[in-house]
Amino acid sequence: MSDTGDRLRSDLAALRERHARRGGATEIAYWTIRDALRTGILRPGDRLIEVELAAALDMSRTPVREALRRLEAERLVENVPRRGLVVPAITLDDLVDIYEIRGALEGLAARRAAQRMSAAEIEAMRQTVERMERALADDDLEAVSELSRQFHRLLRGGSPDGRLPTLLSLLMDSYGLLGLHEFNAPGRLSAAVAEHRAIYEAVAARDEEQAERLAREHSHNALQAQIFAHHLANDF
């Protein structure tokens with residue numbers, strides 16, 4: 001295996017271990033490759049060569065082929081003429097589309113959270129927001145980013161056993177392919193933390209309309225920050 005292949009095997013090993021209990025080989029391959037896309041191990045423009053991925057995952061080609069078909073159906077990978085399957089580059093139009101859909105779905109998720117969340121789930125949201133605020137005070141961008149993702153997972157948890165969490169998870173993975181970060185926009189980091197607190201307080205107050213409105217506004221503001229980051233990246 002080439003140096004690139006060795007690196008890929010090493011990078012995917014930890015992800016595969018994380019998903020080892022997902023079930024059969026196809027499920028393990030699917031979740032491992034999806035996680036590699038989300039975390040930037042596989043980046044826009046990378047070719048997804050079935051035999052190389054199978055070797056890196058230490059499994060046969062069949063489950064990898066099935067996993068790639070599923071990821072293609074979800075538009076997390078695309079089939080390009082004369083290149084085969086590649087990690088897609090996200091355009092500005094894609095970015096707007098993703099965030100507009102995210103806003104509608106997260107608004108619904110916040111409304112449902114205000115309706116249905118248990119006291120324990122709301123307490124978990126409170127603790128997450130407080131940890132986020134402490135991370136902001138410490139200027140710990142990585143911690144704020146991880147806690148933001150945790151907050152949104154908790155918010156989606158207000159719609160258990162439905163399609164909404166799955167749809168939102170796919171969207172989050174889609175814009176994870178951007179390789180950009182909304183927090184690069186001036187002032188966005190502190191504003192985002194304040195928006196998370198406001199959403200939490202609306203959910204805790206069982207104010208469905210306010211929770212939905214704030215979640216939609218949060219998504220809109222994140223879109224504007226991502227557009228800024230997109231333009232900034234293309235200026236260099």
Side-chain angles (χ1 to χ4, degrees), residues 4-5 8-9 11-109 112 149 152-153 155-182 219 222-223 226 230:
T4 301
L8 186 61
R9 179 189 287 273
D11 288 343
L12 293 183
L15 295 184
R16 173 172 175 163
E17 180 65 23
R18 182 185 304 171
H19 298 297
R21 297 183 180 179
R22 289 282 186 178
T26 298
E27 284 296 304
I28 293 171
Y30 167 78
W31 285 102
T32 301
I33 297 170
R34 178 171 158 175
D35 223 3
L37 294 167
R38 181 183 62 81
T39 57
I41 292 172
L42 296 170
R43 300 185 59 80
D46 285 352
R47 294 181 65 203
L48 300 172
I49 300 172
E50 185 182 300
V51 65
E52 291 183 359
L53 286 170
L57 289 168
D58 195 24
M59 61 177 60
S60 71
R61 294 172 63 177
T62 299
V64 172
R65 184 182 306 123
E66 292 302 316
L68 290 172
R69 285 175 180 167
R70 185 169 163 188
L71 291 163
E72 183 182 5
E74 294 170 347
R75 301 183 66 179
L76 293 177
V77 304
E78 65 180 358
N79 203 326
V80 176
R82 295 183 296 279
R83 293 201 69 206
L85 289 175
V86 301
V87 181
I90 303 295
T91 68
L92 186 57
D93 286 342
D94 292 329
L95 180 63
V96 172
D97 191 40
I98 287 167
Y99 270 89
E100 286 183 345
I101 296 170
R102 172 192 165 180
L105 293 179
E106 286 217 316
L108 177 58
R112 288 184 175 180
R149 289 188 289 270
H152 286 281
R153 287 193 294 269
L155 193 66
R156 297 196 299 268
S159 302
D161 303 323
R163 294 183 176 88
L164 186 56
T166 300
L167 291 171
L168 274 167
S169 181
L170 282 172
L171 282 174
M172 301 290 268
D173 285 350
S174 293
Y175 74 72
L177 299 176
L178 286 165
L180 304 174
H181 206 299
E182 65 174 276
S219 185
L223 169 61
Q226 281 280 23
H230 180 87

| Side-chain touch Arg156/Leu164, heavy atoms, less than 4.5 angstrom | no

| query | With a 4.5 Å heavy-atom cut-off, do Arg16 and Asp58 have their side chains touching? | reply | yes

| query | Arg61 versus Val64: any side-chain heavy-atom pair under 4.5 Å? | reply | no

| Is any side-chain N of the basic residue among Arg69 and Glu66 closer than 4.0 Å to the acidic one's carboxylate O? | yes

| task | Hey, could you give me the CD/CD1 distance between Glu17 and Ile28, rounded to the nearest 0.5 Å? | result | 9.5 Å

| query | How long is the span from the CD1 atom in Ile33 to the CG atom in Leu68, to the nearest 0.5 Å? | reply | 4.5 Å

| task | Find out whether Asp35 and Ile41 are in side-chain contact, i.e. whether some heavy atom of one side chain is under 4.5 Å from a heavy atom of the other. | result | no

| task | Please name the pair of heavy atoms, one in Pro63 and one in Ala29, separated by the smallest distance, quoted to 0.1 Å. | result | O-CB, 4.0 Å

| said: Enumerate the salt bridge (charged side-chain N to carboxylate O under 4.0 Å, His left out) contacts for residues 90-99, please, sequence neighbours excluded, ordered by first and then second residue. | reply: none

| From Asp11 CG over to Leu42 CG, what is the distance, rounded to the nearest 0.5 angstrom? | 8.5 Å

| request: May I ask you to decide if Val87's main-chain N or O and Arg43's side chain share a donor-acceptor pair within less than 3.5 Å? | output: no

| remark: Smallest heavy-atom separation, Arg9 atom then Ala55 atom, equals NH2-O, 2.9 Å

| Inter-residue atom distance Thr32.OG1 - Leu12.CG, 0.5 Å rounding | 7.0 Å

| request: Could you tell me which non-hydrogen atom of Ala222 sits nearest to which non-hydrogen atom of Tyr99, and how far apart they are? | output: CB-CE2, 3.6 Å

| query | Less than 4.0 Å between a side-chain N and a carboxylate O, is that true for Arg70 and Glu27? | reply | yes

| query | To the nearest 0.5 Å, how far apart are CG in Leu76 and CG in Leu85? | reply | 12.0 Å

| task | Would you name the heavy atoms of Ala109 and Leu168 that are closest together and state the gap between them? | result | CB-CD1, 4.0 Å

| field | Under the side-chain contact (heavy atoms from CB on, under 4.5 Å) test, residues paired with Ile49 that sit two or more places apart | value | Arg47, Val51, Glu52

| field | Pairwise distance CZ(Arg34) to CD(Glu74) - rounded to 0.5 angstrom | value | 6.0 Å

